[in-house]
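Structure first, then comments.
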There are 2 protein chains.
Amino acid sequence: MGLKTNINKRNLPTLEDVALDANVSTATVSRCLNEPDKVSIDTRERVLEAVKRLQYAPNFGARAIAANRTGIFGAVIPTMENAIFARGIEAFQKTLVASNKTMFVASSAYDRDLEELQIRTMVARGADGILLIGTERNADIYDFLKERNIPTVVAWARSTNKDQSFVGFDNFNAARQLMTKALELGHQSFGFISAHTKMNDRARERVLGATAALQDIGIDPTSMPVIETEYSIDCGREACRKFIIGKRRPTLIMCGNDVLAVGAIQEAQDAGLNIPQDISITGFDDIEIAKVISPGLTTVHVPHGEMGQKAAETLLSLVEDSSRATQLTLDTHIVERKSLGPTSF
Amino acid sequence: MGLKTNINKRNLPTLEDVALDANVSTATVSRCLNEPDKVSIDTRERVLEAVKRLQYAPNFGARAIAANRTGIFGAVIPTMENAIFARGIEAFQKTLVASNKTMFVASSAYDRDLEELQIRTMVARGADGILLIGTERNADIYDFLKERNIPTVVAWARSTNKDQSFVGFDNFNAARQLMTKALELGHQSFGFISAHTKMNDRARERVLGATAALQDIGIDPTSMPVIETEYSIDCGREACRKFIIGKRRPTLIMCGNDVLAVGAIQEAQDAGLNIPQDISITGFDDIEIAKVISPGLTTVHVPHGEMGQKAAETLLSLVEDSSRATQLTLDTHIVERKSLGPTSF
DNA sequence: TTAGAAAATGTAAGCTATTACATTTCCGCC
DNA sequence: GGCGGAAATGTAATAGCTTACATTTTCTAA
């Protein structure tokens, strides 16, 4: 006891070494590490001490082989530099860690092929389950995941497929409600600054929601020009500029996300406009920056953290209980700050 | 022949399935895949056909055990919600993907024990190398990593250990230079709002750098009170409030990072102070928000993305060439915006 | 007490691919 | 035809862990 009892190829301690050191069977050591509740406190302490003394860490390959799973979960997101995903992924990871899992992260940069590659790589590296953002991707990647029995959860959007688990919210109706509120405040001319909608179902639904609100009260939706641009403050500025110098300046610029809205606010202010007296601007997401900007940004609050957490829980239950698809729609609400006001005519 | 001969738990073909299908032993199949020259052409063709028909792909765990390498790299960061790490990790990941590697991410929430757990978990899950933030941690975790032959790179800080690879910058001197600039503008009373320094060498060095600048010109450094707080805008506000209502209001509040500085600016403005006429405020990091806030935040620009990229390159070369420790110090520079001005007395 | 249930622990089979070693097949040549 | 040795192929040990099932210990309640 206390001595290293066995030297293997790698010169690293194995489960058996720990078992010998703690004077228990390998099964008990394994349980200590994986299901500590099933081991008495006494034994557990002895084993963990041996683990510590020998600096034991399980061999990954062996574990993966024996357990037929790795404890690794993947998340493929568009980018980590977007605060909404950063927050969601942070919560996703925290939830996984609480279940003693580890997280892969890869970013797809909104590129469909790159996303597919990232997914395949994660599967090849042993991911037990995968978190995806949005539903928009080639059918064969879904087939691939199905064939290999890798559960997936879609987040930040909702799927129409009954067998696809998701944790999302209603982008369409949230945008519609926000526009409806603006209409009640008397706005009659509009511009929309959106992220690129081609590969991004969330962005698209937000535009469509706003459009629907216009139609609801009989306004021709084509009277609202939509500018699609990149996700950055400067792109928001540029788009806003186009609206401001256009022949008919809108009284409301609705933005598909807060980052674009912040750019729009800055550009409008630089052009000498008062917000919201001269022009109203709204965002979507409610990230930190929405509170920092002056005036405060009226936007749609999305529970990003909760989404990440629920996504992890869903994925865990899919893997562990191989339960049926879970579909979860979270609530959003409008956060009224100062950037949306009544028209002053 | 031609039928799936064996059904296992995973319902995926194994070497044995291929062997049965091709009517050879598993050894021959393995040889076909790894050393085809050692197999007769006849047999080889038959085996490869079976491989194709059954859609066989080698099992990841088994392969990991054999190769003793996974192609997975880990990053343990304090939090993903901090834009500086988000940017760094994004670049880190991009660089890894270019080499066909996959990234683990875990956050430690600035908790030493949690960080240690995350590191051990990543090793247990097969990480070939690990990125760490800062140098502050227990010696035994370094021993553990060394014993297991897991290369590590420290980022966002520099190590005094000759054998420890790092990609960092000089927190101390950057802060010192910023304070020196403030002194040249005539400031004479100071406050410092810092992140908690206990577990955070970067925060500590920034305070020490500012202190050193005071000493450089003979000011008693204890005349600058330091408030330590959490990383959030609201905590920055609260700390700023204490300085403002204190008996001797500083002319300069230096903040250990941009987030605290943004909170400080907002609080000062709410108290009716003009920045920088009544009070100057500086940040550190140069994240997006520094440009958004009004007035623009004078801060220290840190090349976060470059740091992540270089860290990945360093780690890859450590694993692949098992080369010696690489130590890299990146440049920072002061970004002058509007929140630091001359004293008006 | 003690039967019986519950909790703790142990035994050993199994997961998949590699590979040292054993066996079979093939071929050339006397 | 038969022998030696190379080439081809097969057998089975091995890697380090998990886990179903078996056994032992502990606890509960009558």
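Protein chains get the first letters and strands the later ones, always in sequence-line order, with residue 1 at the start of each.
- Taking the ring pair (Phe, Tyr, Trp, His ring centres under 6.0 Å) definition, one finds that Phe166(A) meets it with nothing, sequence neighbours left out.
- At dG16(D), none of the side-chain N or O atoms of Arg63(A) fall inside 4.0 Å of OP1 or OP2 (strictly under the cut-off).
- Residues that satisfy the side chain to side chain contact (heavy atoms under 4.5 Å, CB included) test with Ala19(A), not counting sequence neighbours, are Thr26(A), Val29(A).
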Restricting to nitrogen or oxygen on both sides, can you table the protein-nucleotides 24-26 of chain C pairs closer than 3.5 Å?
none

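- Taking every side-chain heavy atom of Ala62(A) into account, dG16(D) is the closest of dT18(C), dG16(D), dA8(C).
- Applying the ring-ring contact (aromatic ring centres under 6.0 Å, His included) test to pairs two or more places apart or on separate chains, none has a residue in residues 26-49 of chain A.
- An end-to-end axis angle of 40° holds for the helix from dT1(C)-dA30(D) to dC30(C)-dG1(D), taken from five base pairs per end and rounded to 10°.
- In terms of the ring pair (Phe, Tyr, Trp, His ring centres under 6.0 Å) criterion, residue partners of Phe85(A) (sequence neighbours excluded) are, by chain and number, Trp156(A).
- For residues 24-36 of chain B, proximity to DNA chain D is found at Val24(B), Ser25(B), Thr26(B), Ala27(B), Thr28(B), Arg31(B), defined as any non-hydrogen atom under 4.0 angstrom from a strand atom.
- Contacts of Tyr56(A) with the nucleic acid, taken as non-hydrogen atoms under 4.0 Å apart, involve only primed sugar atoms and P, OP1 or OP2.
- Listed by first and then second residue, the ring-ring contact (aromatic ring centres under 6.0 Å, His included) pairs that reach into residues 100-124 of chain A are Phe104(A)-Phe104(B), sequence neighbours excluded.
- For Tyr231(B), there are no ring pair (Phe, Tyr, Trp, His ring centres under 6.0 Å) partners at least two apart in sequence or on another chain.
- Every side chain to side chain contact (heavy atoms under 4.5 Å, CB included) that Leu328(A) has, sequence neighbours left out, goes to Val167(A), Lys310(A), Leu330(A).
- A search for salt bridge (Lys or Arg N to Asp or Glu O under 4.0 Å) contacts involving Glu306(B) returns nothing, not counting sequence neighbours.
- Atom CG of Asp42(B) and atom P of dA7(D) are 17 Å apart (whole Å).
- Asn149(B) meets the side chain to side chain contact (heavy atoms under 4.5 Å, CB included) test with no other residue; sequence neighbours excluded.
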